[in-house]
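Contents: one structure, followed by commentary.
A, B, ... follow the sequence lines: proteins, then strands. Residue 1 opens every chain. Just so it is clear, the values below take in all heavy atoms, side chains as well, and ignore hydrogens, waters and symmetry mates.
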There are 2 protein chains.
Amino acid sequence: MTARPGGRSARVRAAVIDATFAELAEGGYLRLTVENVATRAGVHKTTVYRRWGTVDELIADALEHSRDADWPVPDTGSVEGDLIAVADDVARTFADPARRTAPVAVVAAALQSSRAREAMARFYADRHRRAAEVVSRAVARGELPATTDAVELIRLTCAPLFYRVFVTGEPVDREVAERSARAALAAARAGLL
Amino acid sequence: MTARPGGRSARVRAAVIDATFAELAEGGYLRLTVENVATRAGVHKTTVYRRWGTVDELIADALEHSRDADWPVPDTGSVEGDLIAVADDVARTFADPARRTAPVAVVAAALQSSRAREAMARFYADRHRRAAEVVSRAVARGELPATTDAVELIRLTCAPLFYRVFVTGEPVDREVAERSARAALAAARAGLL
DNA sequence: CTCCTATCGCAACTTTGGTTGCGTTAGCAT
DNA sequence: ATGCTAACGCAACCAAAGTTGCGATAGGAG
């Protein structure tokens, strides 16, 4: 009747989640199978099937587990610099074949399971909330109107990059990141957010 | 040795593509299997496997086949009205559970096959090119600087909507569409595109 | 220390997506 | 009209994902 979060269960869970990340980094969403993850984790596949059920649940769990990973909020001194830094971080991630696999797989999983979709939504909501700090600082400095929707400005900054990656298939680089950030900033300065 | 594009092959292809759309509208990407499509098309599954191979190829083919479908370019008299119309069309599509399945499935397919990815890229490149007409008219009317990148303005208008649908999982409505269009327009007027 | 049971390992089984070999049908050319 | 062959239908086959029943193991409580 009693749960056992401190013992074997915790070890198994940690091993499986680590294996999920490792498999994801290697082969992306396509190569991510329950069996491969189980084998790499040194665990039997039935264990994974019983506790998670599908690869999408695995990704959802891995995503929630990684939310507390530290992500540095940029602080360059100006909103423009900060927003460009945020955008450039996204652009660099997608430009790197090794690092892009994880977020791409997350989106793929979110398209197939509601658990993964919710986990992804929470992940990005959290990240946006944290990134919104650069907007708060800007408002405090008088760079932006006090009515500015901070999170919306962050969304507007990142959206064009994701759009290129997932919809139009166009490359993302520093130039695109700067343009996105400046465009979003122009809207904010115009008091549209 | 001779090809036979006019006879049975053409009928089979049309039936299969129609069945692909129908299956897609019903159950989305998850329910889309080669067997279901073949059965609905009144064709044996081996035929579909031999000519297309995977569901992603099916989607890619269906997408290329639907590219010539007419899509009305809005003409409200002002750029703002036109851009809002473009954005609202996207928002309405994603807000309708029946109509959203197709584009969502296309993105899902694009994440798993390069053929689907290329087909999707071509599809949206074509649509952007056509929608860019509203920008050309605006430049002709003197509403926007002549240096404006028309396609980039269209991308900026649509990006936040797709971002909400595929990344943050937030709803899209008329209000979001208007804000996206106005934000993109502000950037264009500032000469940032 | 000892018992209880949640959880895991294992092997066998079921289901389903995908493949192959072969005979049949139906366009197209002559 | 008639022969040729590309394309299709069919059934049997293969591989891999996912399931189930059962015995074994190891935390945690008393």
Side-chain angles (χ1 to χ4, degrees), chain A residues 1-20 22-24 26-62 65 105 108-109 111-116, chain B residues 1-20 22-24 26-62 65 105 108-109 111-116:
Chain A
M1 284 294 179
T2 55
R4 303 177 180 178
R8 183 165 58 164
S9 298
R11 284 202 308 275
V12 167
R13 180 183 152 129
V16 168
I17 288 184
D18 284 351
T20 299
E23 286 288 322
L24 218 52
E26 267 187 22
Y29 186 74
L30 276 172
R31 306 286 174 194
L32 190 75
T33 74
V34 172
E35 299 210 35
N36 291 345
V37 170
T39 303
R40 182 188 284 254
V43 161
H44 202 265
K45 70 168 182 172
T46 49
T47 298
V48 178
Y49 274 118
R50 276 195 269 253
R51 285 185 53 170
W52 285 273
T54 68
V55 287
D56 301 311
E57 298 277 325
L58 274 175
I59 290 181
D61 199 20
H65 204 254
L111 288 172
Q112 313 207 350
S113 114
S114 55
R115 276 268 292 115
Chain B
M1 284 291 180
T2 54
R4 303 177 180 179
R8 184 164 58 164
S9 296
R11 283 201 309 275
V12 167
R13 181 184 150 127
V16 169
I17 288 184
D18 283 351
T20 299
E23 286 288 321
L24 219 52
E26 267 186 24
Y29 185 74
L30 274 172
R31 306 286 175 195
L32 190 75
T33 74
V34 172
E35 298 211 35
N36 291 345
V37 170
T39 303
R40 182 188 284 255
V43 159
H44 202 265
K45 72 169 181 171
T46 48
T47 298
V48 178
Y49 273 119
R50 276 196 268 254
R51 284 185 53 171
W52 285 275
T54 68
V55 287
D56 300 311
E57 298 276 325
L58 273 175
I59 291 181
D61 200 20
H65 203 253
L111 287 172
Q112 313 207 351
S113 111
S114 55
R115 276 267 294 118

Q) Got a sec, which pairs hit salt bridge (charged side-chain N to carboxylate O under 4.0 Å, His left out) with one end in residues 33-44 of chain B, sequence neighbours left out? A)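 Non-adjacent pairs meeting salt bridge (charged side-chain N to carboxylate O under 4.0 Å, His left out): B:Glu23-B:Arg40, B:Glu26-B:Arg40, B:Glu35-B:Lys45.
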Are the side chains of [X] and [Y] in touch, meaning some heavy atoms are under 4.5 Å apart?
X: B:Arg51; Y: B:Val16; answer: no
X: B:Val55; Y: B:Val34; answer: yes
X: A:Trp52; Y: A:Val37; answer: no

Q: Measure from the side-chain N and O atoms of B:Asp61 to the backbone N and O of B:Ile17, and report whether any donor-acceptor pair falls under 3.5 Å.
A: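 Side chain of B:Asp61 to backbone of B:Ile17, a donor-acceptor pair under 3.5 Å: no, none is there.
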Rounded to the Å, how far apart are [X] [atom1] and [N] [atom2]?
X: B:Arg31; N: C:dT16; atom1: CZ; atom2: P; result: 12 Å
X: B:Leu58; N: C:dG18; atom1: CG; atom2: P; result: 11 Å
X: A:Trp52; N: D:dA17; atom1: CH2; atom2: C1'; result: 18 Å

Q.
Looking at every non-hydrogen atom in both residues, tell me the closest pair between A:Asp56 and A:Ala116 and how far apart they are.
A. O-CB, 3.9 Å
(Q) Check this for me: does the side-chain of B:Arg50 come within 3.5 Å of the base of C:dG18 through a donor and an acceptor? (A) no
Q) Rounded to the nearest 0.5 Å, how far apart are CG of B:Leu24 and CZ of B:Arg31? A) 13.0 Å
Q: Could you grab the distance from atom CD of B:Gln112 to atom CG of A:Leu30, nearest 0.5 Å is fine?
A: 5.0 Å
Q) Side-chain N or O of B:Arg11 less than 4.0 angstrom from OP1 or OP2 on D:dA7? A) no
Q | Within residues 32-49 of chain B: residues closer than 4.0 Å to DNA chain C (heavy atoms) | A |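 Of all residues in residues 32-49 of chain B, the ones placing a heavy atom under 4.0 Å from DNA chain C are B:Thr33, B:Glu35, B:Lys45, B:Thr46, B:Tyr49.
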Q. End-to-end bend of the helix from C:dC1-D:dG30 to C:dT30-D:dA1 (five-pair axes, 10° rounding)?
A.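 The angle, to the nearest 10 degrees, is 40°.
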